[in-house]
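In what follows, chains are A, B, ... by sequence order, proteins preceding strands, each numbered from 1.
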There are 2 protein chains.
Amino acid sequence: MPSLKDVARLAGVSTSTVSRAINGNIPVSEETLRRVEKAVRDINYKPNLVARGLRIKSTKLLGLVVPEIQHETFISFIRFTEEAAEAKGYNLIIGSTNSDPDREERFIENLIRRNIDGIIFSRVSDKSHVLKILDKTKIPVVIIDRTLEREDIPSVVMDNYASGKIAAEHLLSLGHEHFACITGPLDIAINRDRLAGFTETVHKAGAVLEDKCIYEGNFKFESGKKGIAYFLDTGAQFTALWAQNDYMAMGVLNYLSKHSIPVPEAVSVVGLDNIQQSWMMQPALTTIAQPFRDMCSHAVDIIIDHATNKEDKMGRIQIMLQPELIVRETTAEPPEKCITVN
Amino acid sequence: MPSLKDVARLAGVSTSTVSRAINGNIPVSEETLRRVEKAVRDINYKPNLVARGLRIKSTKLLGLVVPEIQHETFISFIRFTEEAAEAKGYNLIIGSTNSDPDREERFIENLIRRNIDGIIFSRVSDKSHVLKILDKTKIPVVIIDRTLEREDIPSVVMDNYASGKIAAEHLLSLGHEHFACITGPLDIAINRDRLAGFTETVHKAGAVLEDKCIYEGNFKFESGKKGIAYFLDTGAQFTALWAQNDYMAMGVLNYLSKHSIPVPEAVSVVGLDNIQQSWMMQPALTTIAQPFRDMCSHAVDIIIDHATNKEDKMGRIQIMLQPELIVRETTAEPPEKCITVN
DNA sequence: ATGAAAGCGCTAACAA
DNA sequence: TTGTTAGCGCTTTCAT
């Protein structure tokens with residue numbers, strides 16, 4: 001691998017001049033610039049990022065922390081963050097914590113030891129060490145898909161209230177009057193926001209969403225099955241159901257299919273996330289797409305801006321993006337009467 | 001961030017002694033060792049990996065090249081490679097090439113400039129730059145899920161022939177006699193191996209797999225739909241079908257469901273990969289699981305061994321792991337007569 | 001505009 | 001066993 005020195009020798013200038021010519025921030029004469037550029041081309045020189053990283057403490061490396069990898073939401077985060085990072089000339093180190101705070105801590109420690117330029121957290125848990133990290137080091141941090149109480153931590157989220165509103169509006173517009181909802185964990189603010197958007201819209205329209213028609217799930221497939229089973233067992237009355245993510249919606253559809261309850265003829269089902277399965281299944285799932293691509297590129301921008309501007313205080317950064325309804329085959333006009341199992 | 005120097009000062013020894021004490025390869029007296037360890041603990045010192053990386057040219061960083069991220073196979077690679085790497089104290093930089101050789105080249109170039117310890121390629125295309133890289137630099141390389149003509153490149157793959165054999169044997173054991181197969185791209189050796197394992201096993205059993213019952217797909221959902229549509233349109237006769245990946249199998253099931261052809265009553269369907277969707281759908285897909293976790297951990301081991309041993313020649317490394325049949329609901333005894341559409 | 005020299009934080013050769 | 005010194009490849013004063 002050729003080094004700066006090699007270029008300097010070839011161009012007949014000092015290494016500092018080469019450095020200046022390459023980085024282009026400090027003026028260099030026309031003549032030398034050309035000579036350096038030629039030398040660079042001749043030996044195909046590429047600056048070593050480790051050496052540069054050591055010297056200027058910026059490695060063009062971003063860390064992405066996800067709680068797990070085999071989950072479409074986080075896959076999207078990985079994908080779009082990598083995409084955005086690469087477009088800005090950054091590489092991405094990913095770490096899956098498996099929701100284990102110790103693993104998370106080890107990973108973050110590694111990132112710090114690598115002079116990482118910034119860390120993106122996705123949907124951190126409350127047990128996370130983000131705050132500590134942020135306070136101890138000056139590494140820029142941003143959180144996607146979750147808001148934290150502490151307002152000095154930048155975050156970018158979907159407008160979760162709006163997602164509930166959109167789901168409700170779509171179902172209302174089809175004529176539904178009796179609703180049910182399977183939520184994510186309600187200790188997390190964004191899920192309460194989703195539910196609030198849903199219930200308030202339903203109620204404002206004079207429709208009904210009884211308390212026993214709300215089931216708190218955990219975002220997993222099984223939990224969707226359990227939710228719908230619970231509703232049917234307790235004789236809950238509804239014709240339209242919103243599951244706060246697609247995995248749970250799939251669980252609902254799976255259960256209904258097994259019990260020969262036709263969708264959307266007997267019940268309409270709406271999901272959230274727009275995962276791959278949602279359009280591969282039969283019938284294809286009506287759902288709400290999260291603006292993941294935008295969320296990730298905003299997150300990357302926030303980190304890079306912060307790292308570039310070296311602003312210690314960046315004020316409150318809280319970006320909120322809009323979801324989008326995707327109508328497919330699991331929603332239709334309500335049936336004459338609510339479903340029942342017998 | 002505390003540095004070696006700080007530790008040295010606190011412990012009252014030189015930086016080189018601290019370095020030795022920490023790395024533990026060169027003997028240090030009991031007394032100093034304790035003093036250093038105490039100092040390290042006191043100021044919570046962690047070696048800076050960038051500096052070390054510059055010095056010893058080993059960064060404890062691995063690169064993983066995937067053609068795309070939103071695909072369960074590659075998600076598995078990312079997941080399990082990250083898992084294996086983290087267990088060995090390595091971090092992972094991932095790069096998605098989107099099957100674009102230029103993007104791939106840029107990514108690899110970055111990795112080289114980062115003194116990366118090794119690169120893992122997953123299912124490289126023939127247009128890939130792997131070979132060039134391997135020849136120009138001495139960076140250890142390994143390929144998962146694909147073999148290359150050049151035998152000096154280590155690879156780890158599933159026994160693809162066996163996967164075809166297993167699929168056939170399972171269906172034969174249920175009593176099927178008329179087979180069909182939707183393959184992946186046949187310019188890729190592993191897919192030909194899969195097909196060979198399938199056809200040879202079928203033929204050896206005296207059962208039939210006509211040429212017109214073989215459809216060359218591209219591993220995508222849509223291609224599964226096209227394949228089954230082609231079979232039905234051309235009046236192909238079969239009661240059992242193997243799709244060489246689960247996405248295509250899902251396409252098949254989707255099409256059959258739309259045309260009210262019951263699975264497994266009318267046709268048995270087997271997939272390959274054991275993706276998440278395969279058990280979330282209704283009926284759940286009988287499929288063959290690839291040993292992805294083992295493949296990835298072997299790949300990581302190969303890289304690390306190579307990097308550690310500094311062996312230039314490692315002989316021919318070609319690891320082959322066994323697939324595993326997972327019986328679920330899409331396979332059963334054959335119907336009286338072959339399916340037809342009307 | 002350019003060069004000399006120092007230094008980022010670490011390890012390794014050489015002396016002692 | 002330990003300290004001194006040099007250097008990995010780069011950037012950045014500080015002179016000129």
Output all residues satisfying side chain to side chain donor-acceptor pair (under 3.5 Å) with A:T15, sequence neighbours left out; order by chain, then residue number.
none
Salt bridge check: are B:E31 and B:R35 linked by an N-O gap of less than 4.0 Å?
yes
Selection: residues 30-40 of chain B, any non-hydrogen atom under 4.0 Å of DNA chain C
none
Output all residues satisfying side-chain contact (heavy atoms from CB on, under 4.5 Å) with B:I319, sequence neighbours left out; order by chain, then residue number.
B:V156, B:H298, B:I302, B:I317, B:L321
Please list all pairs meeting ring pair (Phe, Tyr, Trp, His ring centres under 6.0 Å) that have one or both residues in residues 59-90 of chain B, counting only residues at least two apart or in different chains.
B:H71-B:F74, B:H71-B:Y247, B:F74-B:F77, B:F77-B:F292
Residue list, side-chain contact (heavy atoms from CB on, under 4.5 Å) with B:T147, at least two apart or on another chain:
B:S155, B:V157, B:A189, B:Q318
So, using side-chain contact (heavy atoms from CB on, under 4.5 Å) as the criterion, who are the partners of A:E30 when residues are at least two apart?
A:R34
Base, backbone or nothing for each nucleotide of nucleotides 6-16 of chain D, written B, S, -, heavy atoms under 4.0 angstrom, 5' to 3'?
BBBBBBBB---
Among residues two or more places apart or on two chains, list those pairs meeting ring pair (Phe, Tyr, Trp, His ring centres under 6.0 Å) that have a residue in residues 19-58 of chain A.
none
B:N110: side-chain contact (heavy atoms from CB on, under 4.5 Å) partners, not counting sequence neighbours:
A:L49, A:N91, B:R113
Taken in chain and number order and not counting sequence neighbours, the residues that satisfy side chain to side chain donor-acceptor pair (under 3.5 Å) with A:D42 are A:K38
Interatomic distance, B:N115 CG vs C:dC10 C1' [rounded to whole Å]:
14 Å
Rounded (10°) bend between the five-pair end axes of the helix from C:dA1-D:dT16 to C:dA16-D:dT1:
40°
Which donor-acceptor pairs under 3.5 Å do the side chains of residues 4-13 of chain B make with protein atoms, sequence neighbours left out?
residue	atom	partner	partner atom	Å
B:D6	OD1	B:R9	NH2	3.4
B:D6	OD2	B:S3	N	2.7

